[in-house]
Amino acid sequence: MTNKYMYFIANWKMYGNLSSLKTLDKVIKFSKSKEIKGGRLIYCPPNTLISSFSKKFKNCQIGIGGQNCHESDVYGAHTGFVNSQMLKNIGAHFVIIGHSENRVKGESDKLINLKIKSALDAKLKVIFCIGETLNEKKKKKTHSILSRQIKIGLKNIKYKSNIFLAYEPVWAIGSGLIPKHQDLFKTVKYIKSKFKDKLPKVLYGGSVNPKNITILREINNIDGFLIGGASQNAKKFIDIVKKTYS
Ligand code: PEP
């Protein structure tokens, strides 16, 4: 149980179309009710839906973000990509960068660093994903991997207030598995220890659902959750928030 201000970020990945918009009515109603308590909701739908979500959320406090962006600040010949300015232009205020589903396709720490810089320049808040693979975990490399991802990903970025860290162990994403309570507490503590001046918000992501949230909510150094699969179901998403505060 917690009373603190917590972030609940829905990552819809490559799911959803215009007919999904009506499923948001329940969430909008919930966001205006007292039951929301300290919860701050943010949706990151596919780019095709950002504009429609933005209109839909016009009179409520739900935030909107993209799921990735190109590293260039300017328009250019980059078929299939959008940059952070374009996301901002259609109503996004956040962007997920460094998701493991993109890292695995070759997105390097260096490229992620450039993307974060361009997103911050465009005045977007960044949800910066980090996390180790199962193999790295087995080899007890979690800390060294996270340390490298943070060091290179945030290189030469002085103003970090608009960056949220999302700790997403790769082996926990979509697998139904979550880290052990103590392990997760220690890893989040380790991530925060990397920041000298002001502690960043650290979110957890990986198979969060209405059942395991009763375990996860007890880990008191976590500032919120990045939620994939379960966030596509409005009832599950709302239940996760409600149970965090119950
Ligand atoms: C994610 O991909 O960011 C994620 C957390 O997915 P899931 O909740 O489905 O594990």
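Just follow the structure's listing: the first ligand is 1, and inside any ligand the first atom is 1. Residue indices begin at 1 and follow the sequence shown. Values reported hereafter were calculated over all heavy atoms of this structure, with side chains retained and with hydrogens, waters and symmetry mates removed.
For the 3.5 Å distance criterion, the side chains of S19 and N17 qualify, holding a donor opposite an acceptor.
Partner H99 forms a side chain to side chain donor-acceptor pair (under 3.5 Å) with one of K13, E168, E107 and no other, that one being E168. Here the options are K236, K235, K242, the test is side chain to side chain donor-acceptor pair (under 3.5 Å), and the partner is D239; only K235 passes.
Distances between N or O atoms of G229 and those of ligand 1 include at least one value under 3.5 Å. Looking at ligand 1, you'll find an N or O of G174 within less than 3.5 Å of one of its N or O atoms.
Here I9 is tied into one hydrophobic group with Y5, Y7, I42, F94, I96, I127, F164, L203, L226, each link being a pair of ILVMFWY side chains closer than 4.5 Å.
Considering only non-hydrogen protein atoms, atom 2 (O) of ligand 1 sits nearest to K13 NZ, 2.5 Å. For atom 5 (C) of ligand 1, the closest non-hydrogen atom on the protein side is E168 OE2, 3.0 Å. Nearest non-hydrogen protein atom to atom 1 (C) of ligand 1 is H99 NE2, 3.2 Å.
In the vicinity of N11, heavy-atom distances shorter than 4.0 Å reach the ligand 1 atoms 1 (C), 2 (O), 3 (O). Contact atoms of ligand 1 toward G228: 4 (C), 5 (C), 6 (O), 7 (P), 8 (O), 9 (O) (distance under 4.0 Å to a heavy atom of the residue).
You'll find the side chain of S54 stays beyond 4.5 Å of the side chain of I90, heavy atoms only.
A distance-only check finds no donor-acceptor pair linking the side chain of W12 to the backbone of G228 [under 3.5 Å].
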